[in-house]
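First up is the structure itself, then whatever we jot down about it.
Chain naming here is simple, since letters A, B, ... match the order of the sequence lines and numbering starts at 1 in each.
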Amino acid sequence: MADKYEKVIELAKRRGFLWNSFELYGGTAGFYDYGPLGAMLKRRVENIWRDIFVINEGYYEIEAPTIGIEDVFIASGHVGGFSDPLTECQKCNEAFRADHLVQDIVNNPDTMSADQLTEVISRNNIKCPECGGRLGNVYEFNLMFKTSIGPGSKRTGYLRPETAQGMFVDFPRLLKFYRDHLPFGATQIGKAYRNEISPRQGVIRLREFTQAEAEIFIDPRDKTHPGFREICDIVLNFYSREDQTRGSIQKMKIKDAVDKSIIAHEFLGYCLALTYQFLVRVGIAPEKLRFRQHMKDEMAHYAADCWDAEILSERFGWVEVVGIADRTDYDLKAHAKQSKTELTVYVPYDAPRKVERSVIKPNMGILGPRFKGKAGRIADVLRSLKPEEILGDTIEITLDGEKIEIEKGAVAFESSVEEVHGENIIPHVIEPSFGIDRITYSLLEHSYFEEEAAEEGEDRMRIVLRLPPEAAPVQAAVLPLLAREELIKPAEEIIRKLRKAGILAAYDDSGTIGRRYRRNDEIGTPYSITVDYQTLEDSTVTIRDRDSMKQVRVSISDIADNIHDLVCSGKSFEDAGRKV
RNA sequence: GCGCCGGUAGUGUAGCGGUUAUCACUGAGCGUUGCCAACGCUUAAACUCGGGUUCGAAUCCCGACCGGCGCACCA
């Protein structure tokens, strides 16, 4: 029997949500096209994300190139760390991590090149751990797609493996945009690329995928969040480190999780809440959603705490769809080092602090004539001394191995008390990172329902996609009860009205009304508007609710506002019009 | 990347050396139809690709590609 994945994928293919890319030429693993309905659905998911993170949280969206230059990915660690040195057994074809095989023989195998590792393996006569066969040459498999920028392949470019780096690279500009205040955040929704060795599981692992990421820069000394109180009573399914060793999920208020230090701090707790609200709003079933904490050894060494939102899928089990991490100052430090630019924020103190400062001032009037060309470097050495080192009558320093004596008079010592108004700090980064494709698939799966149609002996199934109206690609269908001129006319007028109001509406007059309802159920159209003979008498139509199949009768004059409120403002169906 | 299994209209399938390639649903057109996949007529639409064996291949063999599962890898 077909499992739910197959049913959902079959529907998605047939009705224009998801198609295997390049099917005309046989297809290519790891790439999917979003068809007309899929693209719209995905766009709506992204727009809900925007509503939450950009509009409500104020983390403006930016758009950086999908191709990055080498420096960026050297800094991020992707050039060095996003590849693995592999070696394959010539006999059984098993692939192994070369650096793992030699870790007992050499000290730092992860810093060695492929050629060096090949040599170590052959010199130490290392064999295949599985079958004892001979191991082949070590090669680097980097998950980044590589390309060259400009003619002559002089400059290396990479397709970005995540969108995050765009926000880090633009940090100085963003800081100015936000007028030098922490916290601030920037987001990006866009494509990322990973040359997966063997992509599987449909849309779950893609070579080209869409990420929605926020990088929120905060003061490392203050990881509270002003909005925490509003969300602290939300109950989530927690799967903390402790829960995982125990093997059970625990329901808990976010407040309690922070109080008990299960979550590292308020700010992360707040991001978990946003993530929960987003996922539920797009149509993920709350009971099939949990937050799993990374185990210590699973977490990047620099990360302070990391949580994944996982969605339960019938075929794939718990699938990671969001990662929420406190990345500390790792990324900014890395880019500061690589770019040789300070990436800090000046944070003023509440009140100026008095700081005693001692300054060594070499007297260049004396040093210059005496030491000539060396004078500048000698002065630098003198300035680096500690106050207690210049207490004697003469000061002895060493420059290029040569001992030099300088009398006290050539160096002045000033000590002053200064007022300091603030300091430069490297912000910490909180990063919620969303896999939009996985979320879109999950919500198809979670909204897919088959119902036995209870109508007189008909045991035909009703397939219905219970997408939230806000996420549904087609928002309303307009259907003349019968395909007759006098009913078609008003229907066409309604369609025009809806479209003018920005509602994506579909018109259908083929076949019976029931058939058309079903067609729309299957693609999740939340409301169907039917023009019948009463319409000709009193200018009213019926709206039929996808989930309950109930109808209300409303006036044509405010049909667009009515549908708009139902789809966008969460107006309840019962309030939309007179019961039929 | 390896191993096992599979690939036939839009979808699901039958056929397993010689068929006009089966059936159902779907789609389109006409008629009919006063609210949940009704009906009648008409019609469209497929053997993944390449090579081989054979008088003849959707069917057997080899390879590629794609998909599923397991291993490995991986956010």
B:C35 base / A:Q551 side chain donor-acceptor hit below 3.5 Å = yes
Distance-only donor-acceptor test, A:R544 side-chain atoms vs B:C35 base atoms, 3.5 Å | no
Which part of the nucleic acid, if any, lies within contact of A:F31, taking any heavy atom under 4.0 Å across all strands shown: a base, the sugar-phosphate backbone alone, or nothing?
-> nothing
A:H78 NE2 to B:C74 P: how many Å, rounded?
-> 14 Å
Return the value, rounded to whole Å, for the distance between atom CZ of A:F22 and atom C1' of B:C49.
-> 17 Å
So, are A:R315 and A:E6 salt-bridged, with charged N and O less than 4.0 Å apart?
-> yes
Which one of A:R546, A:R14, A:R466 satisfies the salt bridge (Lys or Arg N to Asp or Glu O under 4.0 Å) criterion with A:E522?
-> A:R14
Salt-bridge contact A:R292-A:E310 (side-chain N to carboxylate O under 4.0 Å) = yes
Within the structure, does a side-chain N or O atom of A:R518 lie under 4.0 Å from either OP1 or OP2 of B:A37?
-> yes
Looking at every strand, decide which applies to A:G435 at a 4.0 Å heavy-atom threshold: base, sugar-phosphate, or nothing.
-> nothing
Could you work out the separation of B:C5 and B:A37 based on their C1' atoms and round it to a whole Å?
-> 35 Å
In whole Å, what separates the C1' atom of B:U13 from that of B:C69?
-> 22 Å
Using atom CZ of A:F316 as one end and atom C1' of B:C69 as the other, report the distance to the nearest whole Å.
-> 11 Å
B:G7 versus B:A45 - spacing of their P atoms, nearest Å | 24 Å
Reckon A:E310 touches a base, only the sugar-phosphate, or nothing at all at heavy-atom distances under 4.0 Å?
-> nothing
With ring centroids as reference points, do A:W19 and A:Y32 lie under 6.0 angstrom apart?
-> no
With heavy atoms under 4.0 Å as the rule, sort A:G323 into base, sugar-phosphate or nothing.
-> nothing
Return the orientation label for the A:W49 and A:F278 ring planes: parallel under 30°, perpendicular over 60°, tilted otherwise.
-> perpendicular
Can you tell me if A:Y239 and A:Q293 form a side-chain donor-acceptor pair at under 3.5 Å?
-> no
State whether A:R315 places a side-chain N or O below 4.0 Å from either non-bridging phosphate oxygen (OP1 or OP2) of B:C69.
-> yes
Kindly say if A:Y533 contacts the phosphate of B:C35, meaning a side-chain N or O under 4.0 Å from OP1 or OP2.
-> no
With respect to the side chain of A:T530, which nucleotide from B:C35, B:C74, B:G1 is positioned closest?
-> B:C35
Please check if the distance between the ring centroids of A:Y5 and A:F316 is under 6.0 Å.
-> yes
Within the structure shown, what part of the strands sits under 4.0 Å from A:R207 by heavy-atom distance: base, sugar-phosphate, or nothing?
-> nothing
If you measure from the P atom in B:G17 to the same atom in B:A58, how many Å do you get, rounded?
-> 13 Å
Residue whose nearest RNA chain B nucleotide is more 5′ - A:R200 or A:K13 | A:K13
Quick one: the side chain of A:Y517 and the base of B:C35, do they pair up donor-acceptor inside 3.5 Å?
-> yes
Tell me what A:E320 touches on the nucleic acid: a base, only sugar-phosphate, or nothing, going by heavy atoms under 4.0 Å.
-> base
Starting from the 5' end of RNA chain B, give me the residue, A:D521 or A:A483, whose nearest nucleotide shows up first.
-> A:A483
Given that both pair distances must be under 3.5 Å and the pair must be Watson-Crick or G-U, what runs of three or more consecutive pairs involve RNA chain B?
-> B:1-7 with B:65-71, B:10-12 with B:23-25, B:27-31 with B:39-43, B:48-52 with B:60-64
So A:S528 and A:R519, side chain to side chain contact (heavy atoms under 4.5 Å, CB included) or not? Walk me through it.
-> CA-CA 11 Å; A:S528 296; A:R519 263 206 281 255; over 6 Å; no
Spacing between A:M461 atom CE and B:G12 atom C1', to the nearest angstrom = 12 Å
Regarding A:S313 and A:E445, is there a side-chain donor-to-acceptor distance under 3.5 Å anywhere?
-> yes
Identify whether any heavy atom of A:L481 sits under 4.0 Å from a base atom; if not, whether one sits that close to sugar-phosphate; answer base, sugar-phosphate or nothing.
-> base
Separation of B:C69 atom C1' from A:D3 atom CG, nearest Å, is 12 Å
Given the P atoms of B:G63 and B:U26, what is the spacing between them in whole Å?
-> 42 Å
Rounded distance in Å between the P positions of B:U53 and B:G68 | 34 Å
Is any side-chain nitrogen or oxygen of A:R515 closer than 4.0 Å to OP1 or OP2 of B:U26?
-> yes
Expressed as a whole number of Å, how far does the P atom of B:G1 sit from that of B:A9?
-> 27 Å
Are A:T156 and A:K146 linked by a side-chain donor-acceptor pair shorter than 3.5 Å?
-> no
Distance check: side-chain N/O of A:T512 vs OP1/OP2 of B:A38, anything under 4.0 Å?
-> yes
Report yes if a side-chain nitrogen or oxygen of A:R484 is closer than 4.0 Å to either non-bridging phosphate oxygen (OP1 or OP2) of B:G34; otherwise report no.
-> yes
Is A:T28 touching bases, backbone alone, or none of the nucleic acid, heavy atoms closer than 4.0 Å?
-> sugar-phosphate
A:W19 atom CH2 is separated from B:C66 atom C1', nearest whole Å, by 18 Å
In whole angstrom, what separates A:L479's CG from B:C35's C1'?
-> 10 Å
Separation of the C1' atoms in B:G3 and B:G18, to the nearest angstrom | 37 Å
